[in-house]
Amino acid sequence: MTFRTHMDAALDEAKSAATRGEVPVGAVVVSPTGEVIATAGNRTRELNDPTAHAEILAIRAACEALGQERLTGHDLYVTLEPCPMCASAISNARIARLYYGAADPKSGGVAQGPRIFAQPQCHHAPEVYDGLSAQASEELLKTFFAAKRQG
């Protein structure tokens with residue numbers, strides 16, 4: 001099977017989040033056959049919900065669409081390194097592979113900070129691939145926060 005990235009769709013979701021005034025992070029859940037099951041962007045402000053991160057919303061939508069609580073064999077593409085909350089949800093959902101763009105030295109939970117998947121309490125750790133479309137992801141975040149500081 002040929003690898004096909006879905007980071008463009010995640011970046012589209014991140015751009016949509018930015019237009020809503022949300023931190024521009026996007027996520028896409030892809031089935032083992034390569035079908036996009038769910039997409040989402042951050043909606044914490046819109047929903048007044050601190051858990052409404054792109055990854056959480058995409059996982060919820062995929063589970064609902066499939067009628068199951070686990071996403072075994074599925075891939076998750078996200079524009080920013082997941083935070084500890086999202087990393088835990090990824091583990092609990094049994095995501096097979098996590099692909100992310102920009103590293104998050106401040107709030108990351110995968111390669112930074114608590115490194116959730118390396119903890120003995122973590123029952124499932126996905127394969128992790130970082131740096132996909134990292135430059136585009138970083139630029140989107142930098143542009144968003146620069147505009148916030150000016151405004």
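Fair warning: this is a prediction, and the values are worked out from it, not measured in the lab. Positions are given from 1 along the sequence. Just so it is clear, the values below take in all heavy atoms, side chains as well, and ignore hydrogens, waters and symmetry mates.
- Of all the heavy atoms in A14 and G26, the pair that sits closest is CB-N, 3.5 Å.
- Taking every heavy atom of both residues into account, G109 and A87 meet most closely at O-CB, 4.1 Å.
- Once rounded to the nearest 0.5 Å, the distance linking CD1 of I90 with CD1 of I95 reads 7.0 Å.
- Residues R4 and H6 share a closest heavy-atom pair of NH1-CE1, 3.1 Å.
- For the pair T19 (side chain) and S16 (backbone), a donor-acceptor distance under 3.5 Å is present.
- Summarising the geometry, atom CG belonging to D130 is positioned 12.0 Å from atom CG belonging to L80; distances are rounded to the nearest 0.5 Å.
- Rounded to the nearest 0.5 Å, atoms CD (E22) and CZ (R45) are 6.5 Å apart.
- Annotation: the span from T79 atom OG1 to E138 atom CD amounts to 11.0 Å, rounded to 0.5 Å.
- The backbone N or O of D104 lies less than 3.5 Å from a partner atom in the side chain of E81, making a donor-acceptor pair.
- A 4.5 Å side-chain heavy-atom check between I56 and C86 finds at least one atom pair inside the cut-off.
- In this structure, V29 and V36 have side chains that are not in contact, with every pair of non-hydrogen atoms separated by 4.5 Å or more.
- Here CE of M85 is found 7.5 Å from CD of E55. Values are rounded to the nearest 0.5 Å.
- Atoms CZ and CG, on R70 and N92 in that order, are 7.0 Å from each other to the nearest 0.5 Å.
- You'll find the side chain of L76 stays beyond 4.5 Å of the side chain of Y100, heavy atoms only.
- Taking a 6.0 Å sphere around CD of E64, one finds it holds 12 or fewer heavy atoms contributed by other residues, nucleotides or ligands.
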- Message: Could you go through N42 and T44, starting from their C-alpha distance and side-chain angles, then the distance that decides it, and tell me whether this counts as side chain to side chain donor-acceptor pair (under 3.5 Å)?
- Response: CA-CA 6 Å; N42 276 356; T44 59; 5.7 Å; no

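- For the pair E127 (side chain) and L98 (backbone), a donor-acceptor distance under 3.5 Å is absent.
- The shortest heavy-atom contact between G73 and P32 is O-CG, 3.3 Å.
- Aromatic ring pairs are classed by plane angle as parallel below 30°, tilted from 30° to 60° and perpendicular above 60°; the pair Y77 and Y99 is parallel.
- Between T51 and R60 there is a side-chain heavy-atom pair separated by less than 4.5 Å.
- Nearest heavy-atom pair across S107 and P84 is O-CD, 3.4 Å.
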